[in-house]
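Data first, discussion second: the structure below is written as structure tokens.
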Amino acid sequence: MSSPVCIPPPLIGTSTTSAIGQPLVIGGVGLTTNLLLAPIANYCDLAFRLTCRDWGGVGLACTDLLSPQGLLRGSAASLDLARTNAEDKPVGMQLYGADPGIMAEGARWAADHGATIVDINMGCPVDKVCKKDGGSKLMCDVPNAIRIAEAVRAALPDTVPLTAKMRLGWSEQDCQDGVAGRLALGLVGVGVSAITVHGRTTEMKFRGDCRREDIARVVRTVKDRHPRVPVIGNGDVKTAQDAVDMMADTGCDGVMIGRGALSTPWIFRDAWALQTLGVVPPEPSEEDKLDIVRTFFDRMLEYRGEHYAMNHIRRRISWFAKRINGGHCRPLKEAIRTAEEPEAVYAALDDWSFGLLDSSS
Ligand SMILES: Cc1cc2nc3c(=O)[nH]c(=O)nc-3n(C[C@H](O)[C@H](O)[C@H](O)COP(=O)(O)O)c2cc1C
């Protein structure tokens with residue numbers, strides 16, 4: 001079933017040439033689309049990034065936030081999170097922290113271990129990260145955030161672009177005062193090649209609606225001085241149409257998608273097709289959706305081992321289930337949540353596929 005094209009003119013953004021349908025170029029790196037898979041701590045590891053890439057449309061996927069200290073120490077947890085491979089390209093590696101020297105060393109490590117792009121996390125609202133002055137706490141000290149970016153940029157080879165992901169500011173007042181725009185300009189001034197803006201303040205965490213009008217303000221601030229530096233909009237994009245609307249409403253050059261991809265790994269394919277062809281392709285078949293779960297589980301087993309894979313598939317099935325049989329697949333979810341070994345996960349998927357589980361609930 002194809003949806004009709006619905007690409008509205010810009011409402012809020014001021015960009016005269018729309019970036020809809022234009023692949024992004026970040027630093028010297030050309031992407032195949034303008035769509036990015038967001039970092040989501042504990043979710044967007046190699047197994048999931050490849051699952052989204054299988055369906056096309058992913059211009060860039062990013063690791064979850066990485067501790068530079070962990071990488072430099074060679075901690076197993078950090079190395080697992082940073083794991084990438086030849087199919088997982090181009091890939092961003094995201095670092096968090098507040099010490100310019102350590103962030104710079106971490107960035108060099110990332111460049112040496114397969115990062116196409118390095119990103120600095122300036123948006124994480126979680127206490128554990130902010131208490132150490134990292135994540136969105138960096139937005140409270142703009143000069144230090146810029147110093148960090150400058151040190152990281154200097155440590156990276158010219159071929160590896162640096163990007164930053166931020167929020168609208170820590171507080172409503174910061175947002176009104178245009179902190180995100182000021183920070184973005186300062187970052188571009190020291191060589192940051194693209195800015196991603198999540199349309200909430202830190203105090204909002206993930207509550208309330210993503211504020212496109214405030215993303216648009218950051219876009220305008222950057223574009224007025226640096227028309228060629230991409231600004232990427234992020235927040236609450238759950239459908240292909242949402243992605244197009246985000247671009248039209250804010251004038252942003254690309255869209256980063258997080259939670260929408262957890263249930264719909266083919267959302268990038270859809271959003272790119274809508275931008276370039278004007279239609280959303282037919283939804284994957286029910287068997288394809290079960291294959292997505294099988295392949296994702298295979299990969300988790302391969303890359304992270306049985307303990308991790310079992311824990312994660314029990315949690316992740318709820319996300320995939322939103323799109324299986326119109327969300328009506330409780331017996332499948334229950335069978336996977338209560339599975340005790342990998343064979344039981346595969347058996348549940350097969351049973352569902354052969355109609356051996358009650359599909360009415
Ligand atoms: C559980 C969770 C973990 C997240 N982890 C990260 C992270 O590691 N790095 C980061 O920059 N953003 C992180 N985010 C924010 C997402 O990248 C994204 O900005 C946010 O989910 C809004 O986009 P969405 O509505 O498309 O999901 C996280 C969000 C959630 C819900």
Side-chain angles (χ1 to χ4, degrees), residues 26-27 39 62 65-69 71-72 92-111 117-158 160-205 211 214-232 234:
I26 296 182
C62 193
L65 83 180
L66 304 169
S67 150
Q69 289 93 337
L71 297 174
L72 296 167
M93 289 196 188
Q94 188 189 62
L95 303 176
Y96 74 96
D99 182 302
I102 294 172
M103 290 289 280
E105 273 189 69
R108 214 172 296 121
W109 186 100
I117 283 174
V118 170
D119 184 75
I120 303 179
N121 182 317
M122 301 193 177
C124 179
V126 171
D127 277 353
K128 211 173 99 187
V129 172
C130 291
K131 273 192 185 141
K132 293 186 179 160
D133 296 330
S136 64
K137 200 67 194 295
L138 291 178
M139 298 198 76
C140 300
D141 186 350
V142 168
N144 192 45
I146 294 170
R147 262 193 305 278
I148 293 169
E150 194 170 19
V152 171
R153 182 59 273 170
L156 284 171
D158 291 347
V160 179
L162 175 64
T163 60
K165 178 164 178 278
M166 64 178 68
R167 287 182 172 242
L168 299 173
W170 184 277
S171 61
E172 187 55 38
Q173 190 61 49
D174 286 351
C175 177
Q176 299 309 322
D177 291 348
V179 166
R182 266 206 313 285
L183 174 58
L185 284 182
L187 294 172
V188 173
V190 296
V192 168
S193 299
I195 304 286
T196 303
V197 188
H198 172 57
R200 291 185 175 84
T201 64
T202 307
E203 286 178 352
M204 289 170 77
K205 300 215 162 143
R211 290 170 14 190
D214 290 314
I215 297 178
R217 209 145 64 92
V218 181
V219 173
R220 281 198 300 273
T221 303
V222 174
K223 296 285 171 192
D224 280 351
R225 297 253 199 102
H226 305 282
R228 295 171 69 85
V229 171
V231 182
I232 295 148
N234 166 248

Tell me, do Leu168 and Met204 make a side-chain contact under 4.5 Å, heavy atoms counted?
no
Residues Leu156 and Ala111: closest non-hydrogen pair is CD2-CB, 3.9 Å
How close do Ala145 and Met122 get, heavy atom to heavy atom, and via which atoms?
O-CE, 3.9 Å
Looking at side-chain heavy atoms only, is the closest gap between Asn234 and Lys165 below 4.5 Å?
yes
Provide the closest heavy-atom pair for Asn144 versus Ala98 in the form atom of the first, atom of the second, distance.
ND2-O, 3.6 Å
Taking Arg182 for the side chain and Asp177 for the main chain, is one N or O donor matched with an acceptor at less than 3.5 Å?
yes
Please identify which of these residues, Leu65, Leu95, Ile148, meets the side chain to side chain contact (heavy atoms under 4.5 Å, CB included) condition with Ile120.
Ile148
Calculate, to the nearest 0.5 Å, the distance between atoms NE2 and OG1 belonging to His226 and Thr221 respectively.
10.5 Å
Nearest-0.5 Å distance, CG of residue Leu138 to CE of residue Met103:
7.0 Å
For the residue pair Ala164 and Leu187, what are the closest heavy atoms and their distance?
CB-CD1, 3.8 Å
Which heavy atom in Ile26 sits nearest to a heavy atom in Pro230, and how many Å separate them?
CG1-CG, 4.4 Å
Determine the minimum heavy-atom distance between Ala149 and Val190, stating which atoms define it.
CB-CG2, 3.9 Å
So, do Arg225 and Leu185 sit near enough that their side-chain heavy atoms are less than 4.5 Å apart?
yes
Could you tell me whether a side-chain N or O of Arg211 sits under 3.5 Å from a main-chain N or O of Thr201, the two making a donor and an acceptor?
no
So Met139 and Asp174, side chain to side chain contact (heavy atoms under 4.5 Å, CB included) or not? Walk me through it.
CA-CA 9 Å; Met139 298 198 76; Asp174 286 351; 5.8 Å; no
Is there a donor-acceptor pair closer than 3.5 Å between any side-chain N or O of Arg167 and the backbone N or O of Lys205?
yes
With Tyr96 as reference, evaluate Asp119, Val126, Asn121 under the side chain to side chain contact (heavy atoms under 4.5 Å, CB included) test and give the passing residue.
Asn121
Exam field: side chain Lys223 to backbone Val229, donor-acceptor pair closer than 3.5 Å:
yes
Side-chain (Ser136) to main-chain (Cys124) donor-acceptor, under 3.5 angstrom:
yes
